[in-house]
Amino acid sequence: MDFLKKKIRDEGVILSDSVLKVDSFLNHQIDPVLMQEIGKEFARLFQHEKITKVLTIESSGIAPGLMTALQLGVPVVFARKRMSLTLAGDLLTASIYSFTKQETNEISVSQKYVTPDDRVLIIDDFLANGQAALGLAEIVQKAGATVVGFGIVIEKSFQKGSELLRSRGFRVESLARIGSLEKGKVQFIEESEVVNA
Ligand code: 5GP
């Protein structure tokens with residue numbers, strides 16, 4: 001995913017040693033061609049997994065989640081962060097602490113859309129401490145469905161999420177792995193440097 005790394009290098013804004021802003025192509029304005037490539041790559045990586053559903057979380061997971069689902073030929077469901085009057089009926093919920101907003105949100109998905117026979121691929125924009133990812137996995141497990149793995153657009157490998165998910169036996173595929181944001185510089189972890197991935 002050299003195209004993605006180039007975008008991060010060229011357009012990413014380092015807000016601190018732990019936060020990267022990518023508003024120009026992922027979190028506010030969205031680059032559709034990049035999203036299409038991301039969808040193709042996740043679909044290729046998980047092509048043999050008989051995925052029946054993609055699950056993500058609003059709002060920034062929707063673009064990569066949708067493109068992945070399109071490539072796999074399955075529906076995409078996004079967890080809601082706020083209750084809505086239209087989101088009635090039986091809900092699957094989990095509490096997650098947001099790294100960027102520093103608040104706890106109850107996320108929910110209608111039971112109608114994740115069912116016990118589903119094989120679910122979870123997609124998200126960033127992996128930091130793994131709270132969003134674990135919350136989504138909890139929802140899949142509450143539905144009695146199977147988590148096939150995680151597709152992450154940008155993994156910040158210096159935070160504990162990736163280790164946490166892998167230590168629980170989950171398959172994690174991250175398209176860009178960042179080893180450090182220190183000194184105002186994005187340092188990627190190259191494939192050859194990844195151990196136990
Ligand atoms: P986690 O739950 O893994 O701690 O954080 C993941 C969530 O927080 C992602 O869904 C993403 O929206 C947000 N996030 C975490 N770190 C960053 C970051 O450096 N930049 C941006 N833009 N979002 C982040």
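Note that the structure is predicted; figures quoted are calculated from it, not measured. In listed order, ligands and their atoms are each counted from 1.
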**Request:** Return yes if a side-chain donor-acceptor contact under 3.5 Å exists between Glu11 and Ser24, otherwise no.
**Result:** yes
**Request:** For ligand 1, find out whether one of its N or O atoms is nearer than 3.5 Å to an N or O atom of Ile57.
**Result:** no
**Request:** Please report the shortest heavy-atom distance between Lys5 and Leu175, naming the atom on each side.
**Result:** CE-O, 4.3 Å
**Request:** Considering the heavy atoms of Ala132, write down every atom of ligand 1 situated less than 4.0 Å from one of them.
**Result:** 2 (O)
**Item:** Candidate list Val172, Asp124, Ile189, Leu165, test side chain to side chain contact (heavy atoms under 4.5 Å, CB included), partner Glu155, passing option
**Value:** Val172
**Message:** Does this structure show an ion pair linking Lys40 with Glu37, if we count only N-O contacts that are shorter than 4.0 Å?
**Reply:** yes
**Message:** For a quick check under 3.5 Å, do Ser98 and Glu103 share a side-chain donor-acceptor pair by atom type?
**Reply:** no
**Request:** Please state which part of Asn129 comes within less than 4.0 Å of ligand 1, counting heavy atoms only: side chain, backbone, both or neither.
**Result:** both
**Request:** Just need the protein heavy atom nearest to atom 5 (O) of ligand 1, so name the residue and atom and give the distance.
**Result:** Ala128 CB, 3.6 Å
**Message:** Are more than 12 heavy atoms, taken from residues, nucleotides or ligands other than Glu163, located less than 6.0 Å from that residue's CD atom?
**Reply:** no
**Prompt:** Is the closest heavy-atom distance from Ser98 to ligand 1 below 4.0 Å?
**Reply:** no
**Request:** Please identify which atoms of ligand 1 are closer than 4.0 Å to at least one heavy atom of Asn27.
**Result:** 21 (C), 22 (N)
**Item:** Atoms of ligand 1 close to Leu20 [distance to a heavy atom under 4.0 angstrom, numbered from 1]
**Value:** 18 (C), 19 (O), 20 (N), 21 (C), 22 (N)
**Message:** List ligand 1 atoms under 4.0 Å from Ser18, heavy atoms only on the residue side.
**Reply:** 19 (O)
**Asked** Side chain, backbone, both or neither: which part of Val19 has a heavy atom under 4.0 Å from ligand 1?
**Response** both
**Asked** For ligand 1, is there an N or O atom under 3.5 Å from any N or O atom of Gln131?
**Response** yes
**Message:** Suppose we measure from atom 6 (C) of ligand 1 to each protein heavy atom; which comes out shortest, and what is that distance?
**Reply:** Phe126 O, 3.6 Å
**Request:** Return the residue, atom name and 0.1 Å-rounded distance of the protein heavy atom closest to atom 15 (C) of ligand 1.
**Result:** Phe99 CD2, 3.6 Å
**Fill in**
Restricting to heavy atoms, the pick from Asp125, Thr100, Leu164, Leu134 nearest atom 12 (O) of ligand 1 would be Asp125
**Fill in**
If you scan protein heavy atoms around atom 17 (C) of ligand 1, the nearest is Lys156 NZ, 3.4 Å
**Request:** Using a strict 4.0 Å threshold on nitrogen-to-oxygen distance, state whether Glu190 and Arg177 make a salt bridge.
**Result:** no
**Asked** Take atom NZ in Lys21; do more than 12 heavy atoms of anything else shown fall under 6.0 Å from it?
**Response** no
**Message:** Exactly one of Ile154, Val22, Asn27 should register a side chain to side chain contact (heavy atoms under 4.5 Å, CB included) with Asp125. Which one does?
**Reply:** Asn27
**Fill in**
Value for CG (Leu34) from CE (Met67), rounded to nearest 0.5 Å, stands at 10.0 Å
**Fill in**
Under 4.0 Å from one or more heavy atoms of Asp124, ligand 1 contributes atoms 9 (C), 10 (O)
